[in-house]
Amino acid sequence: MAEHRPCTARNETPLQRADRNFVELLQELRVTQTGVQILFAFLLSLAFTSRFEDLDTVQRVTYVVTLLLAVLAAALFTAPAALHRSLFQQGAKPRIVQVSSRLATIGLSVLVFAFSGSVLLVVDVTTGRTGGAAAGAATFLVCVGLWGLLPRLVRRTGLRAEADGTGKTTDEETAGGDGGTPAPLRHTVGQPSELRGAAAHREASARHR
């Protein structure tokens, strides 16, 4: 019975929340899978170009490692769909969401190295080893900053805003046992009866005089 009680600010049950989280996760995976598919197709076609024979040992190793990383990232991003299909209608949706979220996080980490390796390879072939290393390192730092540091900064800003009391007034205004009447209106709810009492008192005084 407890699983079907609303448990969030959206008045969702745990199963409803798991369904929504899984849909949101799939939307995120659609975005990342597009990049992985483009990268994977590029790496596969690169081996059949005429210039591939001119690559040195370092460049070939970089190519193979990057290709394997792209394959691993693609497998991690498609694993949630396979997991959901295998456990479909078995009451495991919350567990599926939890495991799928971890797989997606690992997939993003692998994709960082795949992007960096591909940029390293292309720039190395076109401009030289120094330029390739610099471009690969820059790509790595950009991905880590946008995918890792930025979410933490946003989360820290949100926690700091909550600690400073942002939104506290709204919570206090909607609290209490008066059916959620806002605090500024609570002081005026009793005014009509008070005004009626004052008018009755003045009328009784006039009659007495």
K.L.:
How far apart are the C-alpha atoms of D164 and R160, what are their side-chain angles, what is the distance that settles it, and do they pass the side-chain contact (heavy atoms from CB on, under 4.5 Å) test?
P.N.:
CA-CA 6 Å; D164 293 340; R160 186 178 303 170; 3.9 Å; yes
K.L.:
Keeping the roles fixed (side chain from S101, backbone from Q98), state whether a donor-acceptor pair exists under 3.5 Å.
P.N.:
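No, because the side chain of S101 does not come within donor-acceptor range (under 3.5 Å) of the backbone of Q98.
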K.L.:
Going by the angle between their ring planes, with limits at 30° and 60°, are F113 and F140 parallel, tilted or perpendicular?
P.N.:
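Taking F140 first and then F113, their aromatic rings sit tilted (interplane angle of 30° to 60°).
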K.L.:
Would you call T34 and R30 a side-chain contact if the rule is heavy atoms closer than 4.5 Å?
P.N.:
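A side-chain contact under 4.5 Å is absent here.
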K.L.:
Would you give the length of the straight line joining atom CG of L149 to atom CZ of R156, rounded to the nearest 0.5 angstrom?
P.N.:
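Reported to 0.5 Å precision, the distance equals 9.5 Å.
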K.L.:
I need the minimum non-hydrogen distance between A74 and T78, along with the two atoms involved.
P.N.:
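Taking every non-hydrogen atom into account, O-OG1, 2.9 Å.
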K.L.:
If we ignore hydrogens and angles and just use 3.5 Å, is the side chain of E53 paired with the main-chain N or O of S50 as donor and acceptor?
P.N.:
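No, the answer is negative, given that no donor and acceptor are paired below the 3.5 Å cut-off.
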K.L.:
Applying the 4.5 Å side-chain criterion to the ILVMFWY set and letting contacts propagate, would L25 and L87 be lumped into a single cluster?
P.N.:
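Yes, it is one cluster - the side chains of L25 and L87 are joined through contacts under 4.5 Å.
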K.L.:
Assess whether side-chain contact (heavy atoms from CB on, under 4.5 Å) is satisfied between V23 and R20, documenting all intermediate values.
P.N.:
CA-CA 5 Å; V23 171; R20 177 176 59 83; 5.8 Å; no
K.L.:
Quick one: closest heavy-atom pair of F40 and A70, and the distance?
P.N.:
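Looking at all heavy atoms of both residues, the shortest contact is CD1-CB, 4.3 Å.
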K.L.:
Quick check for you: to the nearest 0.5 Å, what is the distance between D19 atom CG and K93 atom NZ?
P.N.:
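If we round to the nearest 0.5 Å, D19:CG and K93:NZ are 4.0 Å apart.
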K.L.:
Distance from I96 atom CD1 to N21 atom CG, nearest 0.5 Å?
P.N.:
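Going from the CD1 atom of I96 to the CG atom of N21 covers 13.0 Å.
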K.L.:
Does one hydrophobic cluster hold both L150 and V112, with members joined at side-chain heavy-atom distances below 4.5 Å?
P.N.:
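They do share one cluster, since a chain of ILVMFWY contacts under 4.5 Å joins L150 to V112.
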K.L.:
Taking all atoms of both residues into account, what is the closest heavy-atom pair of A114 and T66, and its distance?
P.N.:
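In terms of heavy atoms, the two residues are closest at O-CG2, 3.3 Å.
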K.L.:
Is the count of non-hydrogen atoms from other residues, nucleotides or ligands lying under 6.0 Å from R95 atom CZ greater than 12?
P.N.:
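Counting other residues, nucleotides and ligands, CZ of R95 stays at 12 neighbours or fewer.
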K.L.:
I need the L67 CG to L72 CG distance, nearest 0.5 Å.
P.N.:
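Answer for the CG-CG pair, L67 versus L72, is 11.5 Å.
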K.L.:
Hey, any chance V122 and L141 share a hydrophobic cluster, counting ILVMFWY side chains that come within less than 4.5 Å of each other, even indirectly?
P.N.:
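Result: yes, single cluster for both.
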K.L.:
Is any NZ, NE, NH1 or NH2 atom of the basic residue among R60 and D54 found under 4.0 Å from an Asp or Glu carboxylate oxygen of the other?
P.N.:
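The answer is no: the pair does not qualify as a salt bridge.
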K.L.:
What are the two closest non-hydrogen atoms of L83 and S100, and how far apart are they?
P.N.:
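Of all heavy-atom pairs spanning L83 and S100, the closest is CD2-OG, 4.0 Å.
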K.L.:
Which atom names give the shortest non-hydrogen contact between G132 and T127, and what distance separates them?
P.N.:
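Looking at all heavy atoms of both residues, the closest pair is N-OG1, 4.3 Å.
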K.L.:
Between T49 and S45, is there a donor-acceptor pair closer than 3.5 Å when you use the side chain of the first and the backbone of the second?
P.N.:
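Absent.
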K.L.:
Can you find a heavy atom in the side chain of L103 that is under 4.5 Å from one in the side chain of F77?
P.N.:
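No. Closest side-chain heavy atoms not under 4.5 Å.
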K.L.:
Taking atom CD of E24 and atom CZ of F22, what is their separation to the nearest 0.5 Å?
P.N.:
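CZ of F22 is found 12.0 Å from CD of E24.
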K.L.:
For Y63 and L43, which heavy atoms make the closest approach, and how far apart are they?
P.N.:
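Distance-wise, the nearest heavy atoms are OH-O, 2.5 Å.
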K.L.:
Rounded to the nearest 0.5 Å, how far apart are CD of E28 and OG1 of T32?
P.N.:
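With rounding to 0.5 Å, CD (E28) is 8.0 Å from OG1 (T32).
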K.L.:
Would you please test L121 and L46 for side-chain contact (heavy atoms from CB on, under 4.5 Å) and show each step?
P.N.:
CA-CA 11 Å; L121 176 62; L46 185 62; 3.7 Å; yes
K.L.:
Could you go step by step and tell me if T13 and R17 meet the side-chain contact (heavy atoms from CB on, under 4.5 Å) rule?
P.N.:
CA-CA 6 Å; T13 65; R17 182 181 184 183; over 6 Å; no
K.L.:
Quick check: is L111 connected to L69 through a chain of hydrophobic side chains (ILVMFWY, heavy atoms under 4.5 Å apart)?
P.N.:
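Same hydrophobic cluster.
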K.L.:
Keeping Q59 on the side-chain end and D56 on the backbone end, is there a donor-acceptor pair under 3.5 Å?
P.N.:
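Side chain of Q59 to backbone of D56, a donor-acceptor pair under 3.5 Å: yes, one is there.
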K.L.:
Would you say L120 and L68 are hydrophobically clustered, going by side-chain heavy atoms of ILVMFWY under 4.5 Å?
P.N.:
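Cluster IDs for L120 and L68 differ.
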